[in-house]
Amino acid sequence: MNNVLGVINLSINQPLLHELTYSRATATVPFGGRYRLIDFVLSNMVNSGINNVAVLAHNNYRSIIDHLGSGKEWDLDRKYRGLFILPPNNSHAPGFNGDLQNFYGSLEYFERSIEEFVVVSSSHMICNINYTEAVENHQRTNADITVIYKEMDDESGDFSNLITLDIAENGRVERMTENRLTKKSNKVYMRMIIIKKELLIDLVKKSVNQNYYDLVRHVIIRNLNELKVYGYEYKGYLAIINSVQNYYKYSKELLNPEVWQSLFYQPGLIYTKIKDEPPARYAQSANVTNSQVANGCIIEGTVENSILFRGVRIGKGAVVRNSILMQKCVIEEDTTLDHVILDKEVYVTSGNKLEGDEMSPTVFTKKSRI
């Protein structure tokens, strides 16, 4: 896959994540105890043999730089090729008009790259995919653009902010429908495409010069009749992190060992920034069931059906159920949490009782004191 350039498109955030993205980009939302959303797409590209990856940053990208660093955890800390974080460029048009604006601002990078094909992906579609077969299918069908999709059932989550596909028998995409799951199609576009680099550069230039700035609407949907756009079906596990409700739902699914195995180990490992933490410590009073507990946690109370990130402290007599507690949260004694999401470094004082429900978990922002 030395002829494939990886591009992680962070230009479009997920506004329905609300409190989870007030101080960070969507790509760096914590997930699974010690990972960030961007870890999955970046690991997928590296595991597919893509060793030249560009991250098109947008807002709050300090968290991207802090998390990715030089890319050494993904073996992208190289003298030649490797990881490139490209900041947003607003020189062509005032304000932000769409993700093509950032593509246009980075055209020099694309033109200097030697790869023939480009894999473009967002960061909020969480899966474990090897792009090799998809690229081979793209070449075999002689497609101009290949869009990767997943067939989902009606109970898989909130589809109100997604795009679905209608695909002919020969695999060609006939229609892309925005913002709803139609009864006719349950093929969800995973915000991943494969395209020749020269064609991408040409389409970006033409679109921006005509004041069109959206990759999906103005490059793909607008050209469905003129370009050969084919679909490639992904059949593995997919988590769509586009709302707080979906974040909570798919986080809780990680407590299923089969889901954890398929997402983090098959077909490749998922890598993240390494932090040196001691093992979790359980006091004699601790009672932990059906939960994920990361390194550095100290537990003296009860934890059930929950996910604890690194360095969380649970006081004696405290009860945490059906909740997600991010890094370095502190829960004092005799406190009860049920269906709650705590962002990093939240401090809950003794005797509090915080509750949400399965469809609407209660969320507290980073460094809150309650």
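Note: hydrogens, waters and symmetry copies are ignored here, and every other heavy atom, side chains too, is used.
- Looking only at distances, a side-chain donor or acceptor of Asn47 sits under 3.5 Å from a matching main-chain atom of Leu269.
- Proximity of a side-chain donor or acceptor of Thr21 to a complementary backbone N or O of His18 within less than 3.5 Å is detected.
- Between Tyr247 and Asn242 there is no side-chain heavy-atom pair separated by less than 4.5 Å.
- The OG1 atom of Thr272 sits 9.5 Å away from atom CG of Leu42, with the distance rounded to the nearest 0.5 Å.
- Residue Arg313 qualifies as open at atom CZ: its count of foreign heavy atoms under 6.0 Å is 12 or below.
- In this structure, Asp39 and Trp74 have side chains that are in contact, with non-hydrogen atoms separated by less than 4.5 Å.
- Listed by first and then second residue, the side-chain hydrogen bond (donor to acceptor under 3.5 Å, both in side chains) pairs that reach into residues 353-370 are His339-Glu358, Thr365-Ser368, sequence neighbours excluded.
- A donor-acceptor pair is defined here as one N or O able to donate and one able to accept, closer than 3.5 Å; no such pair exists between the side chain of Ser123 and the backbone of Leu37.
- Judged by distance alone, the side chain of Asn128 and the main-chain N or O of Leu263 form a donor-acceptor pair under 3.5 Å.
- Considering only heavy atoms from C-beta on, Tyr22 stays 4.5 Å or farther from Asp343 through its side chain.
- Formation of a donor-acceptor pair under 3.5 Å by the Lys228 side chain with backbone atoms of Asn142 is found in this model.
- Glu133 is linked by a side chain to side chain donor-acceptor pair (under 3.5 Å) to Tyr232, counting only residues two or more places apart in sequence or in another chain.
- Between the side chains of Arg81 and Asn51, at least one donor N or O sits under 3.5 Å from an acceptor N or O.
- With sequence neighbours excluded, the residues satisfying side-chain contact (heavy atoms from CB on, under 4.5 Å) with Asn223 are Leu203, Glu226, Leu227.
- Arg281 CZ: 12 or fewer foreign heavy atoms inside a 6.0 Å radius.
- Counting only distance, with no hydrogens or angles, the side chain of Asn44 and the backbone of Phe40 share a donor-acceptor pair below 3.5 Å.
- Here Lys196 pairs with Glu116 under the salt bridge (charged side-chain N to carboxylate O under 4.0 Å, His left out) rule; sequence neighbours left out.
- Side-chain contact between Tyr131 and Met45 is present, with heavy atoms from C-beta onward closer than 4.5 Å.
- Looking at Lys249 and Glu253, a side-chain N of the basic residue comes within less than 4.0 Å of a carboxylate O on the acidic one, giving a salt bridge.
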Quick one, Glu174 with Ile167, criterion side chain to side chain contact (heavy atoms under 4.5 Å, CB included). Give me CA distance, side-chain angles, the key distance, then yes/no. CA-CA 6 Å; Glu174 296 180 326; Ile167 299 179; over 6 Å; no
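- Looking at Asn305, its side chain never comes within 3.5 Å of a backbone N or O of Ser323 through a donor-acceptor pair.
- Every residue two or more places apart in sequence or in another chain that forms a side chain to side chain donor-acceptor pair (under 3.5 Å) with Tyr347 is listed here: Glu332.
- Leu10 has its side chain within reach of Ile64: a pair of non-hydrogen atoms, C-beta onward, lies under 4.5 Å apart.
- Applying the side-chain contact (heavy atoms from CB on, under 4.5 Å) rule to Ala286 yields the partners Tyr282, Ile299; only residues at least two apart in sequence or on another chain are considered.
- Using a distance-only test at 3.5 Å, with no hydrogens or angles considered, no donor-acceptor pair links the side chain of Asn295 to the main chain of Pro279.
- A donor-acceptor pair shorter than 3.5 Å cannot be found between the side chains of Tyr237 and Glu258.
- The salt bridge (charged side-chain N to carboxylate O under 4.0 Å, His left out) check on Arg321 picks up Glu304, with sequence neighbours excluded.
- For Asn352 and Thr335, the side-chain atoms include no donor-acceptor pair closer than 3.5 Å.
- Remark: Lys206 pairs with Asp202 by the side chain to side chain donor-acceptor pair (under 3.5 Å) rule, at least two apart or across chains.
- Under the side chain to side chain donor-acceptor pair (under 3.5 Å) criterion, Gln210 pairs with Arg222, not counting sequence neighbours.
- Under a cut-off of 6.0 angstrom, the local environment of CD in Glu111 is crowded, with over 12 non-hydrogen atoms contributed by other residues, nucleotides or ligands.
- A donor-acceptor contact shorter than 3.5 Å is absent between the side chain of Ser70 and the backbone of Asp77.
- Taking the ring pair (Phe, Tyr, Trp, His ring centres under 6.0 Å) definition, one finds that Tyr212 meets it with His218, sequence neighbours left out.
- Partners of Tyr109 by side-chain contact (heavy atoms from CB on, under 4.5 Å), not counting sequence neighbours, listed by chain and number: Leu5, Asn52, Ala54, Phe84, Leu86, Ser113.
- Looking at Ser291, its side chain does come within 3.5 Å of a backbone N or O of Ser306 through a donor-acceptor pair.
- The side-chain contact (heavy atoms from CB on, under 4.5 Å) test applied to Ser63 returns Arg24, Ala25, Thr28, not counting sequence neighbours.
- Ring geometry, Trp260 versus Tyr35: the interplanar angle exceeds 60°, so the pair is classed perpendicular (tilted spans 30 to 60°).
- Counting heavy atoms from C-beta outward, Val346 and Cys329 have side chains that approach closer than 4.5 Å.
- Between the side chains of Ser11 and Asn102, at least one donor N or O lies within less than 3.5 Å of an accepting N or O.
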